[in-house]
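As structure tokens, the structure follows; a few thoughts come after it.
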Amino acid sequence: MRTIDPSTEAGAKALRRLETELMGWVTTVAPDGRPQSSPIWFLWRDGVILVYSHIRAPRNANVEANPHVAFNLNTDPDGDEVVTMEGEARIDLSLPPSSADEAFQAKHRHMIDRYGWAPEWLAENYPVPVVITPTRWRLG
């Protein structure tokens, strides 16, 4: 399934989690073929995942070389509430910087404030917008 069906219980739960949870995991493919997983802040917008990646994150080069990625949210303690996606990632430098993305700022404001990051620092250190387009979801 390429899209999540909001009329199903699993789909509605998954969409709520994508809209509200702060952290997810993205797995990219390193040049030697090994998977590389990283915790990330993300934004669910218009059916895609948006990540503002650190300027030196290995995932940037990984995505440029191989766009196949996986994304998932943590499960509950019993291993239920699965939200896993396979997709295609691309770096989109036409997007505004993280400091100018109002939705991203609103979602992660308390974390940005907790770390004491000024908008300029965030824009300088996390300037790489990575857009992940889903190709397959697994929910449960």
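A quick note: this is a predicted structure, and the numbers were derived from the prediction, not measured.
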Rounded to the nearest 0.5 angstrom, the CG-NE2 distance for Asn62 and His68 is 13.0 Å
Smallest heavy-atom separation, Ser98 atom then Leu122 atom, equals OG-CG, 3.4 Å
Hits for side chain to side chain donor-acceptor pair (under 3.5 Å) against Thr27, two or more places apart or cross-chain, chain-then-number order -> Ser37
Sorted by chain and residue number, the side chain to side chain donor-acceptor pair (under 3.5 Å) partners of Gln105 (sequence neighbours excluded) come out as Arg109
Would the distance check show the side chain of Arg17 and the main-chain N or O of Glu81 forming a donor-acceptor pair, the cut-off being under 3.5 Å?
yes
Leu18 versus Ile4: any side-chain heavy-atom pair under 4.5 Å? yes
**Request:** Could you state whether Leu93 and Tyr126 fall into the same hydrophobic cluster, counting links through intermediate Ile, Leu, Val, Met, Phe, Trp or Tyr residues with side-chain heavy atoms under 4.5 angstrom apart?
**Result:** no
Lys107 side chain to Trp44 backbone, donor-acceptor under 3.5 Å:
no
Legend entry - Pairwise side-chain contact, Val29 with Gln36, heavy-atom cut-off 4.5 Å (strictly under): no
In terms of hydrophobic clustering (I, L, V, M, F, W, Y; side-chain heavy atoms under 4.5 Å; direct or indirect links), are Phe104 and Ile55 co-clustered?
no
- Side chain to side chain, Arg2 and Pro134, heavy atoms closer than 4.5 Å: no
(Q) Determine whether Val51 and Ile49 satisfy the following criterion, side chain to side chain contact (heavy atoms under 4.5 Å, CB included), listing intermediate values before the conclusion. (A) CA-CA 7 Å; Val51 175; Ile49 300 285; 4.0 Å; yes
**Prompt:** Is any side-chain heavy atom of Ile132 closer than 4.5 Å to a side-chain heavy atom of Val26?
**Reply:** yes
- [ ] Mind running side-chain hydrogen bond (donor to acceptor under 3.5 Å, both in side chains) on Arg59 and Ser53 for me, showing each step along the way?
- [x] CA-CA 8 Å; Arg59 76 180 144 264; Ser53 191; 2.9 Å; yes
Is any side-chain heavy atom of His110 less than 4.5 Å from a side-chain heavy atom of Leu22? yes
On a heavy-atom basis, the closest approach of Leu139 and Ala14 is CD2-CB, 3.7 Å
Exercise. Any side-chain heavy atom of Trp41 within less than 4.5 Å of one from Tyr52?
Worked result: no
Do Leu15 and Val83 land in one hydrophobic cluster if side-chain heavy atoms of ILVMFWY residues count as linked below 4.5 Å? yes
Minimal heavy-atom distance between Met23 and Leu73, with the atoms involved, is O-CD2, 3.6 Å
_What I want to find out is whether Glu86 reaches Arg138 closely enough, with some N-O distance under 4.0 Å, to be called a salt bridge._
yes
Within the 3.5 Å criterion, strictly below it, is a donor on Asn125 or Trp117 matched to an acceptor on the partner's side chain? no
Has Asp101 got a side-chain atom pairing as donor or acceptor with Pro96's backbone, closer than 3.5 angstrom?
no
Closest non-hydrogen atoms of Pro97 and Ala123, given as atom of the first, atom of the second and distance, are CB-CB, 4.3 Å
Between the OG1 atom in Thr28 and the CG atom in Asn66, the distance rounded to the nearest 0.5 Å is 8.5 Å
(Q) Using side-chain heavy atoms (C-beta onward) and a distance below 4.5 Å, is Met85 in contact with Thr135? (A) no
ask   = With side chains defined as the heavy atoms from C-beta onward, is the minimum distance between Thr3 and Trp137 less than 4.5 Å?
value = no
Closest heavy-atom pair, Pro129 versus Leu95, reported as atoms and distance to 0.1 Å, is CB-CD1, 3.9 Å
Residue set satisfying ring-ring contact (aromatic ring centres under 6.0 Å, His included) with Phe71, at least two apart, ordered chain then number -> Phe42
For Val128 and His54, the nearest pair of non-hydrogen atoms, with its separation, is CG2-O, 4.4 Å
Q.
If you apply the rule side-chain hydrogen bond (donor to acceptor under 3.5 Å, both in side chains), what do you find for Thr84 with Asn72, and how did you get there?
A. CA-CA 4 Å; Thr84 300; Asn72 66 278; 5.3 Å; no
